[in-house]
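Lettering of chains follows the sequences in order, A, B, ..., and the numbering in each one begins at 1.
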Amino acid sequence: MTITDIQNALREKVRVIAKEKLSVEPDHIASEIPPKTELGDLAFPIAFELAKLIKQQTGEKQNPRAIAEELKNGISEFDFVDRVEIAGPGYLNVFYDRTGFLLDENSAETGANEPGTKVCVEHTSVNPNKAAHIGHVRNAVLGDTFIRILKADGKEVETQYYIDNTGVQVADVAVGFMFIHNMNLDDIKALDKELTESDKKFDFYCWDLYAQVGRAYQENEELKEKRAEVLHLIEEGDNPTADLADFVATRNVECIVETMERFGVRYDLLPRESEILHLKFWEKAFGQMKELGVIHYETEGKNAGCWVMPFAEHSGTDDHESDKILVRSNGTVTYTGKDIAYQMWKLGILGMDFFYKRFHRYADGKEIWVTTENADEAESGFPAFGGGETIYNVIDTRQSYPQEIVKKGVAAIDPEKGEKASVHLSYEMVALSPAAAEELGFELSEEDKGRTFIEMSGRKGLGVKADDLLDRMEIKALAEVESRHPDSDEAEKKHIAHQIAVGALRYFLLKFTRNTVIVFDFKEALSFEGETGCFCQYSAVRVNKIFQKLAERDESVAEIKAALTDREKVAEIFGSEAGSDIWSMLILAARLDETIHNAAAVNEPAILAKYTFNLAKAFNLFYHNHKILPEPDAVKRAVLISVAEKVRDSLTRSLNTLGIEVPEKM
RNA sequence: GCUCCCGUAGCUCAGUUGGAUAGAGCAACAGCCUUCUAAGCUGUGGGUCGCACGUUCGAGUCGUGCCGGGGGCACCA
């Protein structure tokens, strides 16, 4: 019986007693984990509410403590309950049977999940015109971790990285290549080869070029006009400019996929915007919306010639219309329009499909697929893509407004699915502290210096590039590993340094809740002490070491645990002075699945990050207070090792769910 | 103007659908390595939870108003 089963059984019992004995049915049976172990393992502050309900129904005034007494008797019947206490004005504190719990945990089967429903998660979706910066990594790590959480919670998940290969940003870089550097496709290919040979990255080159184009636009109006032409040619496709842009976008995606792989982030499918257009996905969605009358054509006013969707929730002003343009007067489709079609496809309600081909093969053989409009290019052997029961879109909170429109558009066509099934997993940006911006070599205006943070900007070339930061972390971690394990071989040291660097960065990005702006600070991000990924890894390495030692000494864990059959002695240990300590450790480790479920339910990976840190912290204390291997008493040693085993399992799984590996040694 | 988010220790942040004495990390100071790894552990100091009113047995959490900071309201995404 898992801890979740226990809680559900207790909650259900409380509900039944309330109904049968007290004739009241509260909407929700609240329960909480008491602030201290001495106050029990689960508490119901329900008596107050029941007293109120009884008073409302009958006018009879009941003492909450008397109600708690009534509940206590029923709950005490369970085998897994050791005792129930009534505390304060009417808290019902339940204490689990510690011995039974430990033995049960030891025999419990882990995770026999039924095949769950399929969901799609879109994340990363960096514009394919430059290298990824730390803000993009927040998106990717958030999405990737959420996916791991959903999978751990029993869902089948498909990961998509949407490629906006026909947008303005790609056009900007194409303009740079074509009109600033006067390069054609062959020149760019030659440049790419040259860069690769000198160990430089194409996306880094584009990063600088994009910033250069941004500056050039300010002083060169002609160039800006070129952008519109280039954008139009890219959207149209099948011309030299479109081919050039396609090469640039594809190379950038390759680079970004490579970068994200370093962070442990992977994808299943790369749906491309060009296919949404050329395979007429948009036209189909457009037709349906026209038919349903959710959009209309403006014949006059400032939006004359556009197809717009009214958006009544936002009131219009003189400066701003409340309508959202989906089709521009020149006939091109806005991103919002294209996203409606894309989301419909993701939900499996569009009734059309892409062609697919292989894009990339990871070292372990896993493949990424990409969409194609060309039936001749299409490859077979791909898994069934799209058709998610729920779709999660990991997108910056600054896009909340367009996301609302997209949702509304989808809901207009399919009311049943649209409203609930499309979830905007929003998160705040990663910004730079003024100090960090200066550290990157940017000159700040007086106004900027006074700001609490400075927004990163691809257009200005202002940002911490993902690869640069990870490189820096790996160098720092390697120095630490060198000093601790000078005799290990180079490859192993590098591997450990990499694991530590990724752990530190992922944890750093995950410990903040989604709606907190992360003001990036080098010192804090590069730290290996305190609340960091490294701290959690270190704790896991420690617990692993105990079992390594046992193996070295040819001691069998199963044989050691045989001593647990002496239930009386086990109960005595839990009842001793150290007993509560040991029990706290065990029950905290047992709360992983509950925590994962909670994190999935409220779409908040930070909950799991915090839990992991608390678990690691608790184990460090446990480790300090109880000498496990030298413990002379066989039964106590068995108890300590069983608890350590549970911690090892939970901490490893918890870290893996955060995408953080546990190094062999640290 | 409209709208969303934030305001909790010197700094950076947690705080479950309203529950018990508001917690971490960093920074500061004082301790702990013949032991299963000190990237660790222990202790000390540090709070009008922005302000006010309200709802409630109970408010950091919910409501209203105000103050302060940020985002959004493009024929960009």
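- There is a side-chain donor-acceptor pair under 3.5 Å between A:His597 and A:Asp153.
- Taking atom C1' on both B:G45 and B:C57, the two are 36 Å apart, rounded to the nearest angstrom.
- Mapping A:Lys665 and A:Met429 onto RNA chain B via the closest heavy atom, the residue that lands nearer the 5' end is A:Lys665.
- If you check the side chains of A:Gln499 and A:Glu661, you find a donor sitting under 3.5 Å from an acceptor.
- Between A:Phe522 and A:Phe520, the two ring planes are perpendicular [angle over 60°; tilted spans 30° to 60°].
- With P as the reference atom, B:G65 and B:G1 are 14 Å apart, rounded to whole Å.
- Residue A:Asn303 has its side chain nearest to B:C75 when only B:G40, B:C75, B:C41 are considered.
- Look at CD on A:Glu404: it is 13 Å from P on B:A74, rounded to the nearest Å.
- Look at the C1' atom in both B:A24 and B:U8: the space between them is 13 Å, to the nearest Å.
- By the 4.5 Å heavy-atom criterion applied to side chains, A:Lys665 and A:Ser488 are counted as neighbours.
- Listed nucleotides B:A39, B:U17, B:C41 differ in distance to A:Glu480; the shortest reach to its side chain belongs to B:A39.
- At a threshold of 4.0 angstrom between heavy atoms, the contacts of A:Ala228 with the nucleic acid are absent.
- Between A:Leu92 atom CG and B:A20 atom P there is a gap of 16 Å when expressed in whole angstrom units.
- Residue contacts shown for A:Ile33 are absent, as no nucleic acid heavy atom lies under 4.0 Å away.
- Stem regions annotated for RNA chain B: B:1-7 with B:67-73, B:10-13 with B:23-26, B:28-32 with B:40-44, B:50-54 with B:62-66, counting only runs of 3 or more consecutive pairs of Watson-Crick or G-U type with both contacts under 3.5 Å.
- Checked for salt-bridge contact, A:Lys407 and A:Glu404 miss the test: no charged N lies under 4.0 Å from a carboxylate O.
- For A:Glu480 and A:Arg484, the salt-bridge test passes: some basic side-chain N is under 4.0 Å from an acidic carboxylate O.
- With centres under 5.5 Å and a plane angle under 30°, the ring of A:Tyr623 is stacked against the base of B:C36.
- Taking a cutoff of 4.0 Å between a charged side-chain nitrogen and a carboxylate oxygen, A:Asp172 and A:Arg459 qualify as a salt bridge.
- Taking atom P on both B:A9 and B:G47, the two are 10 Å apart, rounded to the nearest angstrom.
- Within the 4.0 angstrom heavy-atom criterion, base atoms lie near A:Glu32.
- Spacing between B:G15 and B:G25 at atom C1', rounded to whole Å, works out to 15 Å.
- Between A:His626 and A:Phe622, the angle of the ring planes lies from 30° to 60°, which puts this pair in the tilted group.
- The glycosidic torsion of B:C33 lies within 90° of 0, placing the base in the syn range.
- Residue-nucleotide stacking is present for A:Tyr91 and B:A20, judged by a side-chain ring centre under 5.5 Å from the six-membered base ring centre and planes under 30° apart.
- Between A:Ile628 atom CD1 and B:U37 atom C1' there is a gap of 13 Å when expressed in whole angstrom units.
- The listed nucleotides are B:U37, B:A77, B:G19; the one nearest the side chain of A:Tyr335 is B:A77.
- A salt bridge is absent between A:Glu229 and A:Lys224; no separation between the charged side-chain nitrogens and carboxylate oxygens falls under 4.0 Å.
- A salt bridge links A:Glu645 and A:Lys561; the closest N-O separation between the charged side-chain nitrogens and carboxylate oxygens is under 4.0 Å.
- To the nearest angstrom, P of B:G70 lies 7 Å from CZ of A:Phe453.
- For the pair A:Arg65 CZ and B:A20 C1', the computed distance is 13 Å after rounding to whole Å.
- Look at A:Arg514 and A:Glu428 and you find no salt bridge, because none of the NZ, NE, NH1 or NH2 atoms lies under 4.0 Å from a carboxylate O.
- Taking atom CZ of residue A:Arg398 and atom C1' of nucleotide B:A74, one finds them 15 Å apart after rounding to whole Å.
- A distance of 11.0 Å separates CG of A:Leu510 from NZ of A:Lys610, quoted to the nearest 0.5 Å.
- On the P atoms, B:A14 is 25 Å away from B:C73, given to the nearest whole Å.
- Here A:Pro402 lies in heavy-atom contact (under 4.0 Å) with a base.
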Just the atom pairs and distances: protein N or O near nucleotides 31-34 of chain B's N or O, under 3.5 Å.
none

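- A sub-4.0 Å separation between OP1 or OP2 of B:G25 and a side-chain N or O of A:Lys617 is present.
- Ring geometry for A:Tyr507 against A:Phe613 counts as tilted: the plane angle lies between 30° and 60°, on a 0 to 90° scale.
- Within the nucleic acid shown, A:Asn93 comes within 4.0 Å of at least one base atom, counting heavy atoms only.
- Note: CD1 (A:Ile496) to P (B:U37) measures 15 Å, nearest angstrom.
- At a threshold of 4.0 angstrom between heavy atoms, the contacts of A:Ser400 with the nucleic acid are absent.
- Here the nucleotide nearest the side chain of A:Leu629, chosen from B:U17, B:G25, B:C36, is B:C36.
- B:G50 and B:G69 are spaced 11 Å apart, taking the C1' atom of each and rounding to whole Å.
- Here the OH-CG distance, from A:Tyr538 to A:Asn620, works out to 8.0 Å after rounding to the nearest 0.5 Å.
- Side-chain nitrogen and oxygen atoms of A:Tyr538 include at least one within less than 4.0 Å of the OP1 or OP2 phosphate oxygen of B:A39.
- Rounded to a whole angstrom, the distance from the C1' atom of B:G18 to that of B:U56 is 9 Å.
- Side-chain atoms of A:Arg484 and base atoms of B:A39 include a donor and an acceptor less than 3.5 Å apart.
- Donor-acceptor pairing under 3.5 Å, judged by distance alone, is absent between the side chain of A:Asn620 and the base of B:A39.
- In this structure, of B:U37, B:C26, B:G70, it is B:U37 that holds the atom nearest to the side chain of A:His485.
- B:C36 atom P lies 15 Å from atom CG of A:Leu640, rounded to whole Å.
- Under a 4.0 Å N-O distance rule, the pair A:Asp521/A:Lys523 does not qualify as a salt bridge.
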### Query
Which parts of nucleotides 5-13 of chain B does protein reach within less than 4.0 Å, heavy atoms only, written one letter per nucleotide 5' to 3' as B for base, S for sugar-phosphate only and - for none?
SS-----SS

